[in-house]
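What follows is a single structure, written as structure tokens, with notes after it.
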Amino acid sequence: MGGARGGTPSPLRVGNASGFYGDRHSAVREMLTGGPLDVLTGDYLAELTMLILGRDRLKDPARGYAKTFLRQLEECLGEAMDRGVRVVTNAGGLNPAGLAAAIRELADKLGLDGVRVAHVEGDDLGPRHPDALTAHAYLGGFGIAAALRAGADVVVTGRVTDAALVTGPAAAHFGWGPHDHDRLAGAVVAGHILECGTQATGGNYAFFTEHDPATLLRPGFPLAEIHDDGSCVITKHDGTGGVVDVGTVTAQLLYETSGARYAGPDVTTRLDTVRLTQEGRDRVRVDGVRGEAPPPTLKAGLTRVGGHRNEVAFVLTGLDIEAKAALVRAQIEDALERAESRPADVRWELARTDHPDADTEEAASALLRLVVRDPDAEVVGRALSAAAVELALGSFPGFHVTAPPGKAKPYGVFEAVYVDAGDVPHVVVLPDGRRLAMPAPQATRDLTDVPPPPLPEPLPYDRGRVRRAPLGLVAGARSGDKGGDANVGVWGRTDDAWRWLAHELTVERFRELIPECRGLDVTRHLLPGLRALNFVVEGLLGAGVASQARFDPQAKALGEWLRSRYVDLPEVLL
């Protein structure tokens with residue numbers, strides 16, 4: 001891969017074919033055959049995925065990687081080789097060496113000679129955390145870069161940052177070093193936009209109704225045309241579905257971030273310097289990005305089996321919903337108290353999905369959901385099953401459940417810790433078997449918050465001329481999870497909407513609109529360049545997605561709930 005600074009290197013076209021473990025199987029082939037590419041990336045890892053792979057590894061120590069990637073490659077490895085497209089993926093999960101060996105075996109099986117496979121390791125911190133199911137540090141992109149410079153056709157990693165799948169190829173292609181903070185930061189932004197696949201091309205987009213439904217049936221996966229200065233253009237293959245515009249890119253930029261400083265192992269990216277410009281149809285230019293030295297520590301994610309859980313949803317139909325809920329709740333609580341052991345955690349949630357005078361039975365029904373947790377599987381298995389089933393003929397009228405409670409299932413918990421970057425080996429195993437250690441960054445900078453930028457001038461409007469309407473008429477949102485915390489990025493669609501939003505949507509107002517956040521620490525970050533606010537809600541998701549602490553365990557729809565809340569909107573914005 002390139003690297004000469006003597007001339008002007010050609011742009012690097014990096015495409016994405018997976019945003020999570022289970023994403024569209026055909027995407028690898030679609031991206032390889034849909035248009036020109038230099039590098040194809042695939043992101044398969046998330047906090048929940050690490051827990052899944054950890055349980056896979058318990059069953060078979062030779063596993064621990066994303067098996068679907070190997071099946072995708074079986075269909076497409078020859079295509080990638082014929083087209084000269086390098087493949088870079090974190091599908092190695094807990095066992096990158098195992099996946100690399102499996103790819104070599106696959107190449108032999110397919111009769112493909114000369115497929116050069118490298119892998120990156122060192123992220124596994126399991127020996128330091130013997131009580132954890134998985135313990136992995138987030139590595140950066142320079143191991144990937146070294147593998148590509150050594151001629152690798154396929155690079156497999158374990159736990160790296162999602163953006164490292166892009167910063168590594170860019171550093172290899174352009175010859176960037178650890179000191180090229182602005183360039184690296186630009187590639188981090190490109191990587192962050194690409195990492196969730198079709199979320200950048202109209203998937204999960206707040207204003208999806210404004211686009212042709214036909215084009216959203218099957219959004220194309222995104223790609224970035226990256227330049228030597230770190231700027232890029234986000235686009236997609238011609239003729240594929242979806243939309244790439246400033247709105248879809250803004251939404252993805254705000255996903256699972258927090259403040260102006262976005263820390264990573266290679267560089268801290270200043271999100272408050274990002275500029276987005278619509279360059280043409282399905283083309284958004286991203287430039288102006290500035291970077292700083294990375295922090296001296298690496299984030300590491302630990303997963304553990306937290307205990308066992310079970311649940312049952314009672315269907316309450318027609319009249320007296322609240323009274324029916326109170327009766328069955330009292331009956332179950334009485335049964336649990338009389339059981340040999342009461343579950344450690346018992347939670348009830350009544351969802352009033354019922355409508356008066358409904359024309360279908362389902363529309364006339366509400367759901368009362370009971371979730372129990374305990375370290376002992378027996379306590380939340382047999383005890384709950386007996387308590388719920390025995391009420392079938394002796395509780396509220398119309399008694400039934402969506403499904404009978406089954407056996408207890410284990411649930412996981414996630415914890416983020418930070419370790420000195422110099423204490424984590426970052427090793428690339430090159431195609432010829434040589435092992436090359438990547439040095440930790442020499443220049444680092446402690447991570448601190450950026451001082452809040454000044455607020456825009458308030459929007460002048462007649463306070464008597466407002467309309468009670470959903471916030472989402474003038475603001476978009478995207479939300480997600482980071483461990484036990486949730487983030488909600490909210491952006492104004494126009495300069496005037498931003499001026500109003502920045503003054504109206506304070507932390508206090510946010511808590512009023514999202515009552516679940518009352519009593520929790522909420523931090524608001526301003527990103528004026530994106531006309532955006534980013535709210536981080538600490539502890540909303542308990543011990544992370546695998547603990548399933550709430551109805552929406554990853555806070556995916558938290559932003560849409562916020563947009564649905566009614567506020568007094570100035571008529572000048574409507």
>> Checking V267 against E292 for the side-chain contact (heavy atoms from CB on, under 4.5 Å) test, could you report, in this order, the C-alpha distance in whole Å, the side-chain angles of both residues, the deciding distance, and whether it holds?
In response: CA-CA 6 Å; V267 65; E292 300 169 344; 5.8 Å; no

Taking the side chain as every heavy atom from C-beta outward, state whether [X] and [Y] have any pair of such atoms under 4.5 Å apart.
X    : Y    : result
L40  : R86  : no
L99  : L70  : yes
I103 : L73  : yes
H525 : V536 : yes
T277 : V284 : no
P178 : P441 : no
L254 : W491 : yes
H181 : P294 : yes

Closest non-hydrogen atom pair between [X] and [Y], with its separation:
X    : Y    : result
H227 : P11  : CE1-CG, 3.5 Å
G143 : V428 : O-CG2, 3.5 Å
F142 : A171 : CE2-CB, 4.0 Å
I226 : A190 : CD1-CB, 4.3 Å
G141 : T167 : CA-OG1, 3.8 Å

>> Which residue in the set V160, L165, T49, T161 passes side-chain contact (heavy atoms from CB on, under 4.5 Å) when paired with D43?
In response: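 It is L165; the other options fail the test.
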
Cationic N near anionic O, under 4.0 Å, [X] to [Y]:
X    : Y    : value
D131 : R304 : yes
D287 : R285 : no
D56  : R63  : no

> Does the salt bridge (charged side-chain N to carboxylate O under 4.0 Å, His left out) test come out yes or no for D245 and R281, once each step is laid out?
Replying inline: CA-CA 8 Å; D245 63 20; R281 181 177 178 180; over 6 Å; no

Any sub-3.5 Å donor-acceptor pair from [X]'s side-chain atoms to [Y]'s backbone N or O?
X    : Y    : answer
R261 : T448 : yes
D182 : G291 : yes
R275 : G529 : no
N90  : R159 : no
D60  : A62  : yes
D38  : R13  : yes
H237 : M31  : yes
S479 : G559 : yes
D180 : G177 : yes
R270 : V289 : no

>> Taking CZ in R55 as the centre, count heavy atoms belonging to other residues, nucleotides or ligands within less than 6.0 Å. Is the count above 12?
In response: no

> Is the count of non-hydrogen atoms from other residues, nucleotides or ligands lying under 6.0 Å from D212 atom CG greater than 12?
Replying inline: yes

> Does a donor on one side chain sit under 3.5 Å from an acceptor on the other, for N534 and S258?
Replying inline: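 Judged by distance alone, the side chains do not pair up.
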
>> Let's go through R283 and E225 carefully: what are the C-alpha distance in whole Å and the side-chain angles of both, what is the deciding distance for salt bridge (charged side-chain N to carboxylate O under 4.0 Å, His left out) to 0.1 Å, and is it a yes or a no?
In response: CA-CA 10 Å; R283 292 181 63 83; E225 299 169 356; 2.9 Å; yes

Rounded to the nearest 0.5 Å, what separates atom [atom1] in [X] from atom [atom2] in [Y]?
X    : Y    : atom1 : atom2 : answer
C76  : D82  : SG    : CG    : 11.5 Å
T134 : L53  : OG1   : CG    : 8.5 Å
D23  : F69  : CG    : CZ    : 13.5 Å
E79  : L77  : CD    : CG    : 10.5 Å
T33  : L37  : OG1   : CG    : 9.5 Å
L253 : L527 : CG    : CG    : 9.5 Å

>> Could you go through R24 and T198, starting from their C-alpha distance and side-chain angles, then the distance that decides it, and tell me whether this counts as side-chain contact (heavy atoms from CB on, under 4.5 Å)?
In response: CA-CA 10 Å; R24 188 191 306 169; T198 55; 4.2 Å; yes

> Which class fits the ring pair Y21 and Y44: parallel under 30°, tilted 30 to 60°, perpendicular over 60°?
Replying inline: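 Y21 vs Y44 ring planes: perpendicular.
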
>> Below 30° counts as parallel, above 60° as perpendicular, anything between as tilted: where do the rings of W176 and F174 land?
In response: parallel

> Please walk me through it: do E30 and R218 pass salt bridge (charged side-chain N to carboxylate O under 4.0 Å, His left out)?
Replying inline: CA-CA 11 Å; E30 292 168 11; R218 195 175 178 84; 2.7 Å; yes

>> Y255 vs Q199, test: side-chain contact (heavy atoms from CB on, under 4.5 Å). Steps then yes/no.
In response: CA-CA 10 Å; Y255 183 63; Q199 278 197 170; 3.7 Å; yes

> Is NZ or CZ of K299 both nearer than 6.0 Å to the six-membered ring centre of Y418 and within 45° of the ring axis?
Replying inline: no

>> Run Y262 and H192 through ring-ring contact (aromatic ring centres under 6.0 Å, His included) and show every step you take.
In response: CA-CA 10 Å; Y262 185 57; H192 182 63; 5.3 Å; yes

> So E47 and K482, salt bridge (charged side-chain N to carboxylate O under 4.0 Å, His left out) or not? Walk me through it.
Replying inline: CA-CA 9 Å; E47 292 163 4; K482 278 295 185 185; 5.5 Å; no

>> Does T41 form a side-chain contact (heavy atoms from CB on, under 4.5 Å) with V39? I'd like the steps, not just the answer.
In response: CA-CA 6 Å; T41 67; V39 177; 4.1 Å; yes

